[in-house]
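We count ligands from 1, going down the list as the structure has it; atoms in each ligand are counted the same way. No hydrogens, no waters, no symmetry mates; every other heavy atom, side chains included, goes into these values. What you are looking at is a predicted structure, and each value in this text was computed from that prediction instead of being measured. Numbering of residues begins at 1 and proceeds along the displayed sequence.
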Amino acid sequence: MSNLTFAIIKPDAVKNNYVGQIITMITEAGFKVKAMKMTRMSQDSAKGFYEVHKERPFYGELVDFMCSGPCVPLMLEKENAVADFRKLIGATDPAQADEGTIRKRYAGSKAENAVHGSDSDENALIEIAHFFSRDERLNNYTN
Ligand code: CMP
């Protein structure tokens, strides 16, 4: 089992100024932030990231939303990271999310649901590599 997961603080949460509170919830739940940036996804990047959903009726809306403003991708470390992070964020639909979860507090709808979390160890590694270069993953920066 991997101890890494991947998260995105989505454009709705960035726009609503929830980045600080969400990162605090993540670190207070025991996750360590291993890599982080603020970026705005291109259409190509968002289409690729959500390729598994390309047959879904909401795919176009999802891609447009993810490109609508800056987002904050994060590489997170914790024992049992993938499952524990999904517990912390709560159900996709904030109306179904448990009290105390990030989506219950900060998400407005199923489509604009504040955060993404990887659904498996395998996808976590693929998604981390989608956003972070090898140097960024290793915190190996140069000026
Ligand atoms: P996320 O964890 O990023 O993974 C896929 C995303 O698709 C999901 O969060 C939601 O934001 C979005 N999504 C899922 N179901 C719907 C839906 N019925 N309508 C719009 N967006 C959806």
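- Ring geometry for His53 against Phe58 counts as tilted: the plane angle lies between 30° and 60°, on a 0 to 90° scale.
- With sequence neighbours excluded, the residues forming a side chain to side chain contact (heavy atoms under 4.5 Å, CB included) with Asp98 are Thr101, listed by chain and number.
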I'd like the atom pairs linking ligand 1 to the protein - N or O on both sides, separation under 3.5 Å - with distances to 0.1 Å.
from	atom 1	to	atom 2	distance (Å)
ligand 1	2 (O)	Arg103	NH2	3.3
ligand 1	2 (O)	His116	ND1	3.2
ligand 1	3 (O)	Lys10	NZ	2.7
ligand 1	3 (O)	Tyr50	OH	2.5
ligand 1	3 (O)	His116	ND1	3.0
ligand 1	9 (O)	Lys10	NZ	3.1
ligand 1	9 (O)	Asn113	ND2	3.3
ligand 1	11 (O)	Lys10	NZ	3.1
ligand 1	11 (O)	Lys110	O	3.2
ligand 1	11 (O)	Asn113	OD1	3.4
ligand 1	11 (O)	Asn113	ND2	3.4

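- Annotation: side chain to side chain contact (heavy atoms under 4.5 Å, CB included) contacts of Ala13 (sequence neighbours excluded): Ile9, Tyr18, Ile22, Ala114.
- For the pair Thr92 and Arg103, the minimum side-chain heavy-atom distance is below 4.5 Å.
- Atom OG of residue Ser118 and atom CG of residue Leu76 lie 9.0 Å apart, to the nearest 0.5 angstrom.
- Sorted by first and then second residue, the side-chain hydrogen bond (donor to acceptor under 3.5 Å, both in side chains) pairs involving residues 31-50 (not counting sequence neighbours) are Lys37-Glu136, Gln43-Asp64, Ser45-His130.
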